[in-house]
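Working notes for the structure below.
Lettering follows sequence order; numbering is per chain, from 1.
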There are 2 protein chains.
Amino acid sequence: MNIYLCISDYLRKTIVKAWWRYFKQEMIKKKKITIQDIARELNTTISTVSRALRDHPRISVETREKIKKYALEHDYQPDFRAASLRQGSARTIGVLVPRIDIHFFARVLRGIDEVASENNYNVLIIQSLDSLSKEINLVKSLVYGKVDGLIASISIETLDGEHFKPLINKGVPLVLFDKVLEDVDVTKVIIDDHYGAYIAVQHLINQGCKRIGHFGGPQYLNIYKNRKQGYLDALKDAGLKIDESLIFDDMLVKENGYEVMGKLHAMKNPPDAIFSSNDFAVVGAIMRAKELGVKVPQDIAFTGFANEPMDEIVDPTISSVEQNPVKMGKEAARLLIEQMEDKKSAFYPKTITLKPSLVVRQSSMKKSFVIVS
Amino acid sequence: MNIYLCISDYLRKTIVKAWWRYFKQEMIKKKKITIQDIARELNTTISTVSRALRDHPRISVETREKIKKYALEHDYQPDFRAASLRQGSARTIGVLVPRIDIHFFARVLRGIDEVASENNYNVLIIQSLDSLSKEINLVKSLVYGKVDGLIASISIETLDGEHFKPLINKGVPLVLFDKVLEDVDVTKVIIDDHYGAYIAVQHLINQGCKRIGHFGGPQYLNIYKNRKQGYLDALKDAGLKIDESLIFDDMLVKENGYEVMGKLHAMKNPPDAIFSSNDFAVVGAIMRAKELGVKVPQDIAFTGFANEPMDEIVDPTISSVEQNPVKMGKEAARLLIEQMEDKKSAFYPKTITLKPSLVVRQSSMKKSFVIVS
DNA sequence: CTTTGAAGCGCAATCGTTTGTTCTGTTAAT
DNA sequence: ATTAACAGAACAAACGATTGCGCTTCAAAG
């Protein structure tokens, strides 16, 4: 019995020892390699290794090559945190958007990405999912190490810019785009919503429409307010009278359009065109129009806003205002980078306004062969 | 003249001095505040401050409160890099996707985001834009400091997983989803494409279709190969014979569907249904069908794959296979987190397969009131 | 009166880099 | 022969946090 125990004990110890040795080896193999490891292995110091890897001229070519070779063979990558902590810059720009699956934002991100890559910046994408509290938390956690600057489009819930104030005070470069806030004094990139709406309505007028209605968005958001104003001004300038009963706010989704189209059809004097501040309401309205036997664009023409991809997929295809989001992204990134690299000197916030353009499709083509843009 | 100069010189100096003082103050105000600043200001040490902010029990409540109050008032936020460098973990999971504006990926990201938030992880989103070289660079730069683990769907250009090998060797947790690689031995989350195709085709058969064609994708990608196989097996199991002339590969965009629909219509024995591996080709085909006076679904029924948002916007609405991307994201995040927190123990890669489901809409509803799912 | 213990806080090492400065040789100039 | 100049490499101090350990102080226990 005793002997058995001894053997078993001995075996156990041996096994444990062997396993431990194996485990340790595995761990060492799996451990991330640092410049210290390289220095130790090559009998030199970390400063030499660091300099060699960054092609410092004071390190001889042979030492450089030797170190680089070792680093390559062992898949060395510098630790981002350590480097950026020391250097004081992470070469990263953060982008905060409500949601990435909205086509507009995805394209803005493309623009940002392009300019950032050109300038050797990384892009960190964050979505607020249109929740203010999430936005606040993200803004807080993003800065202080993660990014050197922020490009943001505020969520639909956001009414003031209090949570941006600390950034501004701390001198973190900030650029707002699309939905912006009046009360934060930073660089902004916006599109001329008024102009976009104006040309869209002008186009409808040119197509011969006389009673033009409007699907608007929440009026506390500037973009929708401005679009509505553009609509009103276009009517006024054309000498058309404004009929309040043809104006509907908060028409953000398909269902709204579907429902209101029913109401319009029931009117004794229905509109012959609708300018909508977004494309989804148009889709719903057209759907209902088809059901009711109302012809688009013959009986009622539509022009939307945003130029969503579906606009050329649905039947009839939908005319819409193109916002040039890629350009917007590029512009925002360019301004942010300019601001980041100019940090020491005084920086004056500016506002860039981009002109949208009109894409004419079937939903508004009453007169064929007449193209307005 | 001399006097003038003197005065001007004096003035200049005074102004410069005042400006400099102001500038310095501004800079100090704008400087990011650190734990050391707090310690100095409150006559204590950084360790106490650090502990107080993290609610360490060994710090008295009053000290804690005092420090927290000061921190709050001065918008203190810990430097992410320093903290994570010291702690060895960034509590961040990286997500690499081909493109974020593809609805499927956007929804996967939603799932990931949700699980990550629940577990106090940040999410870092990166898109490869379907470029292999960009993917390789991103993978390299992401790891080593920025993220503790990676969830990735490879780009369409990616044929092997060489660039993932270093991560695996270094013990970085990795989960692949959607498009995966056979040659990398890691945890994977995929959907059962074969099953999805099978039930889609089965549904068409139940609707009374006898000659069912197929729009496929590039056959070197597993997802498309498997979908095609599911189609073939469903036909075989139903005793229907396979007609190679009804099978088209590389049908990824609208235009492909538009063109092929023309060919189909010109056949003397055209198909009465199409199972497509994606929804865009269906949209194009339906467009052409309308032009040719072919009725959908009466003359030809369609079932797509991916359940794109446009499926319920177009007319007729399109039946499609739903891949449950949100669930996929959640699963992937869950597995990754499990792997990250279990790092010390041995971890065995596993593959999770999710079952897709069929969403039946107008494009395949030959018999009304018969619902198959 | 000494010992024990715990509460409350400070000291200093550490994470992995970068980078200004210093040290050691070697060679050229005085 | 002495110095200056220089390349090449090492030393060491940051960057801003976290954290094991050690030092006080004071009260209760022995």
Using a 3.5 Å cut-off and no angle test, enumerate the donor-acceptor pairs between side-chain atoms of residues 42-49 of chain A and protein atoms at least two apart in sequence or in another chain.
from: A:T45; atom 1: OG1; to: A:S47; atom 2: OG; distance (Å): 3.2
from: A:T45; atom 1: OG1; to: A:T48; atom 2: OG1; distance (Å): 3.1

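For DNA chain D, the neighbouring residues in residues 51-62 of chain A, judged by any heavy atom under 4.0 Å, are A:R51, A:R58, A:I59, A:S60. Within residues 71-79 of chain A, the residues having any heavy atom closer than 4.0 Å to DNA chain C are, in order of number, A:Y76, A:Q77, A:P78, A:D79.
If you take CG of B:L42 and C1' of C:dC9, they are 14 Å apart, rounded to a whole angstrom. With rounding to whole Å, A:Q36 atom CD is found 6 Å from C:dG16 atom P. Atom CD1 in B:I46 sits about 11 Å away from atom P in D:dC15, given to the nearest Å. Following rounding to the nearest Å, A:D37 (CG) and C:dT17 (C1') show an atom-to-atom distance of 13 Å. Between the CD1 atom of A:I38 and the C1' atom of C:dT17 there is a distance of 12 Å, rounded to whole Å. The separation between A:R64 atom CZ and D:dA9 atom P is 10 Å, rounded to whole Å. Atom-to-atom, CG of B:L85 to C1' of D:dC15 comes out at 9 Å; the value is rounded to the nearest Å.
When the salt bridge (charged side-chain N to carboxylate O under 4.0 Å, His left out) test is applied to B:D55, the partners found at least two apart in sequence or on another chain are B:R64, B:K68. Checked against side-chain hydrogen bond (donor to acceptor under 3.5 Å, both in side chains), B:E182 has the following partners two or more places apart in sequence or in another chain: B:N222. A:R51 meets the salt bridge (charged side-chain N to carboxylate O under 4.0 Å, His left out) test with no other residue; sequence neighbours excluded. Not a single salt bridge (charged side-chain N to carboxylate O under 4.0 Å, His left out) links A:K66 to another residue, sequence neighbours left out. By the salt bridge (charged side-chain N to carboxylate O under 4.0 Å, His left out) test, B:D178 is found to be paired with no residue, residues two or more places apart in sequence or in another chain being considered.
Side chains of B:V175 and B:V189 form a contact here, defined as non-hydrogen atoms less than 4.5 Å apart.
Within the 4.0 angstrom heavy-atom criterion, only backbone atoms of the sugar-phosphate kind lie near A:T63; the bases stay farther away. Counting any heavy atom pair closer than 4.0 Å across all strands shown, B:S47 reaches a base atom. Note on A:T34: only backbone sugar-phosphate atoms sit closer than 4.0 angstrom, heavy atoms only; bases stay farther off.
The side chain of A:S50 approaches C:dT19 more closely than any other nucleotide in the set C:dT19, D:dT19, C:dG10.
The stretch residues 110-121 of chain B participates, sequence neighbours left out, in these side chain to side chain donor-acceptor pair (under 3.5 Å) pairs: A:K134-B:D113, B:E114-B:K330, B:Y121-B:E341.
Heavy-atom nearest nucleotides on DNA chain C were determined for B:T48 and for B:Q87, and the one closer to the 5' end corresponds to B:T48.
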(request) Before giving the answer on side-chain contact (heavy atoms from CB on, under 4.5 Å), spell out for A:E62 and A:E65 the whole-Å C-alpha distance, their side-chain angles and the decisive distance to 0.1 Å. (result) CA-CA 5 Å; A:E62 52 179 342; A:E65 289 310 316; 5.7 Å; no
